[in-house]
Amino acid sequence: MDVVKAVETYITKMVSVPNSMKVLLLDTHTTPIVSLASTQSTLLSHQIYLTDRIDNKNRERMPHMKCVCFLRPSEESLEAMEAELKEPKYGEYYLYFSNILSKTAIERLADVDEYEVVREVQEYFADYAPILPSLFSLNHFPTAAQPLYASSPNTWDPHALDRAVQGLTAVLLSLKKKPVIRYEKSSAMAKKLGVEIQHRVQTESSLFDFRPAQVPPLLLILDRRNDPVTPLLSQWTYQAMVHELLGIQNGRVDLGMVPDIRPELKEVTLTPSTDPFFQAHHLATFGDLGTSLKSYVQSYQSRSLANAPSSINSITDMKRFVEEYPEFRRLGGNVSKHVAMVGELSRLVERDKLLEIGEVEQGLATGSGADLKSVQTLITNPAIPPWNKLRLVILYALRYQKTQANNVASLITLMLDNGVNREDARLVYVFLNVAGSDQRQEDLFSAESLLAKGRSALKGLKGVENVYMQHTPHLSSTLENLFRGRLRDITFPFLDGAGPNAGLQRPQNVIIFMIGGTTYEEARTVALLNQESAVSGSSASGIHLLLGGTCVHNSSSYVEMIRSAAASFPSSVFEPPPEAANNMPSLNLNLGGVNVSLGGPGGAGVYRTNEGSGVNIQAEGIRDGVKNLLGKVRQGVDRIALQ
Amino acid sequence: MRIGSAPDHTFPPSTESHHQALAAKNVQRGLAAKIQELSGTFRKKQRVYLEKLQGHAIKNQDLLVASGAISLKGSEGLSAVDEDVAAATASRNQVLDQELVTPDTDMDLRSRDRELTEIAKSIASLAELFKDLGALVIDQGTLLDSVEYNIEQTAVQMEDAVKELDVATRYVVGSVLRFAGKDGTHDLVFFFFLFSSFLLPTSLIDIIDPPHLPSPIPHLPRLFPSSTILSSHLQIPEEHRPPEMHLPPPPGHLRPHPRPHLQAQTLVVAWRVTRSWSRAYVSCDTDPTGG
């Protein structure tokens, strides 16, 4: 279950025929996929001498070249392909589609192929971005134009659902897996996706006709809302840190805003498959990374001395130089890239006081807890950017939503006085409403606090405990339960048709899909469990895991997703949760088009009581609150009935 | 002439040449990578072979000694002494020879010296060559090696080209309007402006005085790509359009031919057939779990 290898194989197959000079045409969707699994030099070695976008209208006619197209069967790409076939620019066409192509689409294309230039049409199911061998992403970063949620956090946007079904189907097809499906009970979206996938598997039964495995593979569909904490934390391992602080986009990192950066390092690529140092250390903690980088630089220095002009004195030296020069050059580029990147990471950690923040965050996210005072100190510290303050308060609110509601209220007020604007502060309520403890299926903190104490004591003995690495994502406990056969059918039910004994079987292959985006921290957990599975005797032995998500989040992309989604949710999402403390300040300021925080006849403008429309909306808000409450009562009853 | 001194504008400023050049550059890169790889393998193989040969020589001697074909003992010590003696005599003779026939040896030495220098030089230039080759080859893991980046670069260059075309069109239209009154010569003027607007920094175009026009280049129309013609056609009045500026016809196999309805059907059927067998999965070996 190595997705990088799978996509790589597809691409190699695609570009190796025909054996002549070729052009590769891609669309917006397949470009990152090809980019992650292949490189320009690989393509060159397969005689692909031009790569371009299918929607580029200015391509020139080159009848002597043959054309390989790899497209997603989306409407835009099909249209562009039609236009291309009507006026062919190249001699022959080899069409590959990244997903199941409908009959009508084939006929459409076949009809316009008047010059009969198409030689081959195939479906290669590389419809997902392979980031690591055990991590894939559907590259769907929700924005206002391409939302993930519809009008509530329980419903899919139809396009997003379609995209997720296609992507997951492609993953299953490319790995030849016909899975049984489990989902998180509390998530309506997970169930919906599971049903759609199962439907697709059944309708395309000829495609999913694989040699049946003894124990069928498992597709476990999870919802980000059940663990809002993991993506909010500061990260302390290499790949996760780079993504958190600099951002990794399709294997590329933009270093343009780094002060005094050399022009050739303004943007760099960062994928394990092309970078041996990154391959070896992408899971390493920041401290270990520093040590390895130091020895890496030293080994480069010793080689650069050997390759210095002054040391080439004999013909043997020259011979050696010619032999080693390409390798040496590559090493030099790689060393300076990593030095620049790690340098920037440590500059940002220093500048934003991330170590101090990280310590408190870890306390909030794990059983040990954190006291109000340390959070207050950080919020009043002017050196800390408002963004990090907001993150801290959201974490505090998620942690102590029930037990210390008054403190949450006071922290929000304190944060408003210390540089966080109201627009952002509202997000605290949005988080509580969307992913608060009433929305989550399992308690993230209390269950852990009992277990975690025992576990951390054990770890402390082993000496792997690190104050910044205490947090383990909720996913790891879910997986632990799964390995031990303790994942309950009530909380993680099977879809119909799984068979009566499905719960008793221990699956060998597990594909985990996180609706709403996964994180590199979770990817690291999965990668480590995969390593562990090679060792017999451990609980994970013999189990292969693959993690995927609609996208891979860092804290800012996660908060942005929630922010953009909240705009289309009922306005009550911006209100303090119904049962919360009464003294939580209302921050709902966009209603009725009146920016209340500006002040006016209403005084301090914290409570909105004027304007007819405003009253209506507030009434609606109250109604929604009541509905929520009713819903919860019903849920509670259901739960009791099930037990 | 100012026309030649505008290095920041490529000429001809067509998308055509850009794509061709890019393809050519990529061919170069691909070949360079191949050469580098091959020469690397060659060097390694050669080294291994030489080591093997040396090993053989030693082994052979060992075998001979073991079989008793030659006896090392005694004779070895003797031969070593012999060699020393021989060397001593030889050097003594050499000294004597040098004293006797100096001019001859001098010539020998000088030519040998020259040859040695030649060898050293050629090795140095070979090293240089490899350095250049290395510069041409795309390094793994650099941004240049990213497929996405390369595609984006093409798009950026395209945008620039489009911008240049827009600027050019504006000037062309302006110039045509300006010279519309002068009958007979305006086509030439138009050509020159179309031509010069690509070649010169835009600020220079206004400076040029129309009476000092150079004589137009006869093959000029062929230098323009289709897109230029199209975009200029849109804004140029009918009577000012350059005559006969279409592209060469497409080669035979691309020319459309009328097809009966049946053929279109069979094509669809053929496509369908293709489809039914073409659904491809990754073969088993990509899946380490073998599932």
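Values below: every heavy atom of this structure, side chains too, minus hydrogens, waters and symmetry copies. Computed from a predicted model, the values in this text were never measured in an experiment. Numbered from 1 within each chain, the chains take letters A, B, ... in sequence-line order.
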Exercise: identify the closest heavy-atom pair between Asn99(A) and Ala170(A)
ND2-CB, 4.1 Å
Phe208(A) vs Phe210(A) aromatic rings, parallel, tilted or perpendicular, using cut-offs 30° and 60°?
perpendicular
Contact listing (chain A partner; residues 25-40 of chain B; heavy atom under 4.5 Å):
Asn26(B), Val27(B), Arg29(B), Gly30(B), Gln36(B)
In terms of heavy-atom contacts, Thr9(A) and Lys5(A) come closest through OG1-O, 2.6 Å
For the residue pair Tyr96(A) and Tyr124(A), does the interplanar ring angle fall in the parallel (under 30°), tilted (30 to 60°) or perpendicular (over 60°) class?
parallel
For Thr12(A), side-chain contact (heavy atoms from CB on, under 4.5 Å) partners two or more places apart
His46(A)
Contact winner vs chain B - Leu265(A), Asn250(A), Val34(A), Thr42(A), heavy-atom pairs under 4.5 Å
Asn250(A)
If one checks every heavy atom of Leu26(A) against chain B at 4.5 Å, the contacting part turns out to be side chain
Check His19(B) against Leu50(A) and note the closest heavy-atom contact, atom names and distance.
O-CD2, 4.0 Å
Does Arg330(A) come within less than 4.0 Å of Glu327(A), counting only side-chain N to carboxylate O?
yes
Honestly, the part of Arg252(A) sitting under 4.5 Å from a heavy atom of chain B is side chain
